[in-house]
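Single-structure report; data block below.
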Amino acid sequence: MKKATGRKLSLAMVLCLSFTMMLSGCGGNNNTNNAAKTDPPAATEAPAASNTQASPEASEAAAAGSPLDLAMKGEYKGTKVTMFGPFVDADQVKFESSIKEFEAKTGIDIQYEGSKEFEATINIRVDGGNAPDIADFPQPGLLASIAKTGKVVDLTGVLDQEKLKANYNKSWLDMSTMDGKDGKIMAGIWNRSNVKSLVWYPKKQFDDAGYTVPETWDDMMALTEQIAKDGDPAWTIGIESGAATGWAATDWIENIMLRTTTPENYDKWVKGELPFTSPEVKNAVEVMSKIWLNKDYVYGGTKSIVTTAFGDAPKPMFENPPKAWFNLMGNFITSFFPETAKVDQDYDWFYLPPIDPQYGKPVLVAGDIYAMFNDRPEVRAVMEFFTTGESIKTWVQSGGVIAPMNDASLDWYTSESDRRMAKLVQDASTLRFDGSDLMPGKVGAGTFWKGMTDYVSGTATLDKALEQIQSGWNN
């Protein structure tokens with residue numbers, strides 16, 4: 001997979017590859033820094049229409065049916081749609097397989113170009129007037145910065161909003177609304193997602209021990225204490241990732257923030273309007289600390305957290321008997337599990353429980369948002385296709401991703417684990433994107449990582465660490 005956690009996992013993967021040579025490019029969203037430069041992309045063959053007004057052809061097509069309907073009738077046969085994104089290697093194969101049937105039925109050639117340097121290249125292409133028709137952003141924050149320039153097509157009048165409301169959890173649509181040059185716009189549509197509110201555990205041994213999956217945070221803490229009394233640390237935690245050390249800690253804070261304050265406060269925090277020094281953020285770190293700073297609860301003790309690679313952290317769960325029982329991480333982490341371990345048998349996951357019932361059952365996610373830069377009928381048809389579960393069906397069937405659309409059948413998933421995960425996303429009371437991936441890089445991939453590492457390692461007090469993190473905004 002390409003990216004499980006956005007920008008931070010991208011860098012994490014690259015660094016882990018270069019330091020250990022034992023980690024495969026997985027995904028939390030990424031692998032954007034360690035690749036040979038690609039040749040300059042060819043210019044789009046068809047001339048781009050205005051970004052702000054529908055072309056005459058598009059208006060005529062709208063009267064005869066949706067662009068996707070017309071495409072399925074062969075109206076756009078022989079046209080080409082360029083697409084640029086971070087999918088490379090195995091992920092590119094999976095993506096191209098997912099669009100193959102659409103291309104055959106419509107005669108539209110989706111010319112996909114993948115690059116591990118997508119994040120650096122997309123800005124150059126957009127600024128140089130060579131934007132692709134469609135671009136896949138694993139980081140909404142990057143898209144948001146481009147949307148402000150007015151170079152992203154507002155999808156509000158391009159896609160049927162009622163259909164979108166029926167096919168997506170409202171939170172997905174809220175997260176696609178961004179600041180344009182002259183006000184709010186619908187900057188993109190979501191096509192695949194990763195789930196980051198999951199606690200992984202060794203299922204068979206867990207059941208044999210008579211433990212029960214916790215439904216509330218208090219239940220989870222009580223079980224953590226019980227496991228400690230039984231002689232084991234419950235949690236195995238690692239945040240080491242070379243220069244990206246600390247990113248795994250941000251997922252904990254983001255999850256706890258969603259469980260201890262309002263979604264509105266979470267949004268303000270991500271935008272820099274709620275400082276890291278606020279009581280809300282400090283409380284989230286203190287809640288985390290009740291686990292992380294308890295030597296009886298963490299495998300290897302607190303000091304091991306900053307020296308254990310995030311991909312190595314789950315290993316103690318697979319020893320016989322397990323030496324630790326829980327690991328909080330996104331669904332990409334299964335790529336680091338033993339190849340012989342079987343999902344639904346040897347391992348499973350439970351939802352990280354709510355803390356305050358008033359905030360429901362929030363889910364932290366990462367994923368891909370597709371933006372449109374050139375407005376032509378065939379491009380509209382492809383964008384509409386990407387809002388359907390059918391567009392990601394074969395990828396879902398191959399495993400490793402969760403479809404954000406409601407019309408993606410649970411029967412497509414090949415494991416009970418993935419089906420439950422998809423259901424969790426569909427039923428979530430609130431969905432929010434990985435916060436550090438939405439923050440400016442100097443904060444989300446800078447002071448946030450370092451401040452958490454300094455705090456956990458004991459080189460900074462909590463107050464000093466939070467001040468240090470906040471300084472990324474101030475600078």
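At a threshold of 4.5 Å between non-hydrogen side-chain atoms, the residues Leu431 and Val425 count as touching.
Asn167 and Asn406 form no side-chain donor-acceptor contact under 3.5 Å, judged by distance and modelled atom types alone. For the residue pair Thr260/Asp356, the side-chain donor-acceptor check at 3.5 Å is not satisfied. For the residue pair Glu384 and Ser66, a side-chain donor N or O sits within less than 3.5 Å of a side-chain acceptor on the partner. No hydrogens or angles considered: a donor-acceptor pair under 3.5 Å links the side chains of Asp434 and Ser436.
When the side-chain contact (heavy atoms from CB on, under 4.5 Å) test is applied to Lys342, the partners found at least two apart in sequence or on another chain are Gln345, Asp346. Evaluation of the side-chain contact (heavy atoms from CB on, under 4.5 Å) rule for Glu339 yields no partner, not counting sequence neighbours. Applying the side-chain contact (heavy atoms from CB on, under 4.5 Å) test to Glu101 and every residue at least two apart in sequence or in another chain returns Lys105.
Below 30°, between 30° and 60°, or above 60°: for Phe318 and Phe337 the angle between ring planes is between 30° and 60°, a tilted geometry.
Put simply, CZ on Phe448 and CE on Met439 are 5.5 Å apart, with the number rounded to the nearest 0.5 Å. Here the CZ atom belonging to Phe386 is positioned 4.0 Å from the CE atom belonging to Met83, to the nearest 0.5 angstrom.
Annotation: cation-pi pair Lys361/Tyr351 present, NZ/CZ under 6.0 Å from the ring centroid and within 45° of its normal. Both the sub-6.0 Å distance and the 45° axial angle are not jointly satisfied by Arg419 relative to the ring of Trp412.
For Thr106 (side chain) and Gly74 (main-chain N/O), no donor-acceptor pair under 3.5 Å exists by modelled atom type.
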